> 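To start, I am sharing the structure in question, which I have written as structure tokens.
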Amino acid sequence: MMNDQYVPAAIKDYLESSSDFSMDRYSPKGGFGYLYFGTRNITLDRVALKFYELTGGKNDHAEPLALIKVSNDNILKILDARYISDKFAFHVTPEIDGGDLDHYLKGRFIHSHEAIQIAYGILQGLNTLHSEPYNWVHMDLKGANILIDASNNKPYIGDFGSVKKLLPGKDYAENGQSTLFYMPPELIRDGKHYRQSDIYQIGVIFFQLLHGAFPVDTPDQWLTTRERHKLYQLATAESQKDYFKQQIKDKIVRGKLLDLKSLPVFVGGQLKRILRKALDPDYRSRYPNCPAFQKALYDYKKQSKDWWMEDPHYYAYCKIKERYFKLTRNPKSVLIQISPDQIKWRKKEEVPSLDIAVEYVNAQ
Amino acid sequence: MKVIGIEIDGARVNFIALDSSSGHILEALSVPKSVELKNDKDFGELRTFKELLHSVFNAFSPDVIGIYSKSASGKHSAGPITYKVEGLIQLYEGKNMQFVHHKSIAALKNKKQYEVKCKFTYQKQAADVAYYLLHNDE
């Protein structure tokens, strides 16, 4: 049972009769298309098939046409594209084993350096889209559109349905559709999407990667108590939805949606500055392009410790000194231990708070 | 014409990106001015460093990239890390790349009497290369 009952019969019939593919999974995350996963029967590799409806318009094949043109290690490669009838077509890409970033992050604590490496990789792919000869803006970068290779945390930009080319002399695109929580402020204010709007969306993804509060499964947590109270007073589901959307958009425009205070204690001032710059409500104050953002991440990573959390402990690794740190919270203090191998730990220091402990470790 | 001038100072790469397509020479301020490799023995960092350099080139999309040529011997010769970094830059595909010797720069400056401008002193040699590329093309 693949839970694909809403998929048009023509697509299901095609898959049933096809000797080329054996599909075993359907995903409802195909955006405007229908997404299946399975195996190619000859080459035996895992692939994703995205079916889409043909409207007869020039944009019918926009996504596969975009994917086939771009060559970059951080952009999903297209393996094939075919018609199945005059109403439907599909394209084939490799299946990326970690799934999308939203799925990948669930129940997993990404190390700080892994988070940086993933954001860096997305920027690497995006830079190709932004550069000559493409001059594209992606417009819908979000966790669900980033695929992760679980073996090495390599990210792939995986959905090109929203990509637009910047016209000569224009540095923005219009009429873009972005997902609510990733909407850049200027898109809400003026309906314009710049290259720096993509940078903003990567800033949001980076915030998620660093484990900032991003309650997509419990959306009313985005609201204050007062706003929630007002929401529940509204009579219809439709008016509640409109009110909720409006509140989120207002927060985005004011730069108040993402609370940097919700980040783990080890996300210090320098990393927060990088985030603030990427998420600045004024697009002109953000990183002007991908390399500038990449440089900030690169400079930070090369002189910082790699932090992670395994409840109830915080850990850090210093690559230069090849030394691990473990922070354990006690009722009145925080114990700092060090180890060369994470097996033999010895006490290094005991300090009154977690903030001081992080500061102490970062200074080592 | 769009050019990037590069000088490699040990593990540090100094850039200047110039665009003369409007008739005036303008510096592209969005291009990072320098990038430094911290640990050349760290494979991961080396790869990331290479990607960053190539990202800078992609973003500006220059017609030519020029590298300030340093001698292999003598008091001011380049060290081994410089050559390593130079190799990473040379791996960039698809653009015309050339070495520019200080003697060529001096000769052209003498001949055409042009002014070299840069915001920071550490960009001086990179700027020499970039202006050379622009004026040599005239």
Side-chain angles (χ1 to χ4, degrees), chain A residues 70-75 111 113-114 116-136 152-155 168-169 171 194-196 198-199 283-304 306 318-322, chain B residues 1-4 6 10-17 19 21-22 26-65 81 85 88-89 91-96 119-120 122-123:
Chain A
V70 187
S71 169
N72 182 281
D73 278 354
N74 296 102
I75 290 175
H111 294 207
H113 280 193
E114 287 172 349
I116 291 169
Q117 206 53 40
I118 291 171
Y120 189 95
I122 304 168
L123 285 162
Q124 188 73 15
L126 181 64
N127 188 46
T128 299
L129 301 189
H130 282 185
S131 304
E132 299 281 352
Y134 310 110
N135 288 316
W136 291 339
N152 55 10
N153 282 320
K154 187 174 175 178
D171 57 355
Y194 299 82
R195 286 186 177 92
Q196 292 94 324
D198 283 344
I199 298 269
Y283 78 94
R284 288 161 299 196
S285 301
R286 284 179 213 142
Y287 293 107
N289 50 31
C290 295
F293 194 173
Q294 284 177 285
K295 182 180 183 305
L297 294 176
Y298 173 80
D299 285 343
Y300 175 81
K301 190 182 167 205
K302 70 184 180 188
Q303 49 79 38
S304 66
D306 185 19
C318 176
K319 202 168 189 177
I320 298 162
K321 293 182 181 170
E322 296 182 344
Chain B
M1 186 182 183
K2 289 162 87 174
V3 301
I4 289 184
I6 292 172
R12 179 172 157 145
V13 181
N14 297 317
F15 298 101
I16 192 163
D19 186 349
S21 43
S22 65
L26 300 171
E27 183 180 348
L29 298 174
S30 59
V31 174
K33 309 270 181 287
S34 73
V35 187
E36 189 168 2
L37 177 68
K38 186 162 185 185
N39 181 2
D40 74 305
K41 300 284 189 288
D42 180 337
F43 302 132
E45 190 187 327
L46 215 55
R47 273 193 290 270
T48 311
F49 184 72
K50 185 202 89 178
E51 285 169 1
L52 178 56
L53 293 171
H54 293 193
S55 232
V56 170
F57 302 155
N58 275 341
F60 185 63
S61 192
D63 300 296
V64 194
I65 297 169
I81 296 178
V85 171
L88 297 178
I89 293 171
L91 288 173
Y92 185 67
E93 289 174 17
K95 292 289 169 193
N96 181 6
K119 201 170 175 188
F120 300 104
Y122 63 77
Q123 286 180 295

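In what follows, chains carry the letters A, B, and so on, assigned in the order in which the sequence lines appear, proteins first and then strands, with residues in each chain numbered from 1. Because the structure is predicted, anything quoted here is derived from the model rather than measured.
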> Does any backbone or side-chain atom of A/Ile320 lie under 4.5 Å from a heavy atom of chain B? Answer side chain, backbone, both or neither.
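For A/Ile320, the contact with chain B is made by the side chain alone.
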
> Does atom CD of A/Gln303 have more than 12 heavy-atom neighbours, drawn from other residues, nucleotides or ligands, at distances under 6.0 Å?
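Atom CD in A/Gln303 is crowded, with more than 12 foreign heavy atoms closer than 6.0 Å.
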
> Less than 4.5 Å to any heavy atom of chain A: does that hold for the side chain of B/Leu37, its backbone, both, or neither?
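Its backbone and side chain both get close to chain A.
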
> Between B/Asp42 and chain A, which part of the residue has a heavy atom less than 4.5 Å away: side chain, backbone, both or neither?
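Side chain only.
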
> To the nearest 0.5 Å, how far apart are CZ in A/Phe293 and OG in B/Ser55?
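Answer for the CZ-OG pair, A/Phe293 versus B/Ser55, is 12.5 Å.
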
> Among A/Glu132, A/Lys295, A/Gln117, single out the residue with the greatest number of heavy-atom pairs under 4.5 Å to chain B.
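Counting heavy-atom pairs under 4.5 Å, the top option is A/Lys295.
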
> Do A/Tyr298 side-chain atoms and B/Glu36 backbone N/O form a donor-acceptor pair below 3.5 Å?
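A pair under 3.5 Å: yes.
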
> What distance separates A/Lys319 NZ from B/Lys38 NZ, expressed to the nearest 0.5 Å?
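The NZ atom of B/Lys38 is 12.0 Å from NZ of A/Lys319, to the nearest 0.5 Å.
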
> Heavy-atom pairs under 4.5 Å with chain A: which of B/Leu53, B/Val56, B/Thr48 has the most?
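Highest number of pairs under 4.5 Å: B/Thr48.
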
> Say you draw a straight line from CD of B/Glu51 to CG of A/Asp73; how long is it, rounded to the nearest 0.5 Å?
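So the CD of B/Glu51 and the CG of A/Asp73 are separated by 7.5 Å.
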
> With a 4.5 Å cut-off on side-chain heavy atoms, are B/Asn39 and A/Lys302 touching?
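No, side chains not in contact.
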
> In terms of heavy-atom proximity below 4.5 Å to chain A, should B/Ser61 be classed as side chain, backbone, both, or neither?
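Only the side chain of B/Ser61 comes within 4.5 Å of chain A.
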
> Any non-hydrogen side-chain atom of A/Asn289 less than 4.5 Å from a side-chain atom of B/Phe60?
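No, their side chains stay 4.5 Å or more apart.
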
> To the nearest 0.5 Å, what is the distance between NE2 (B/His54) and CD (A/Gln294)?
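If we round to the nearest 0.5 Å, B/His54:NE2 and A/Gln294:CD are 12.0 Å apart.
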
> Measuring heavy-atom distances to chain A, does B/Phe49 have an atom under 4.5 Å in its side chain, in its backbone, in both, or in neither?
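For B/Phe49, backbone and side chain are both near chain A.
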
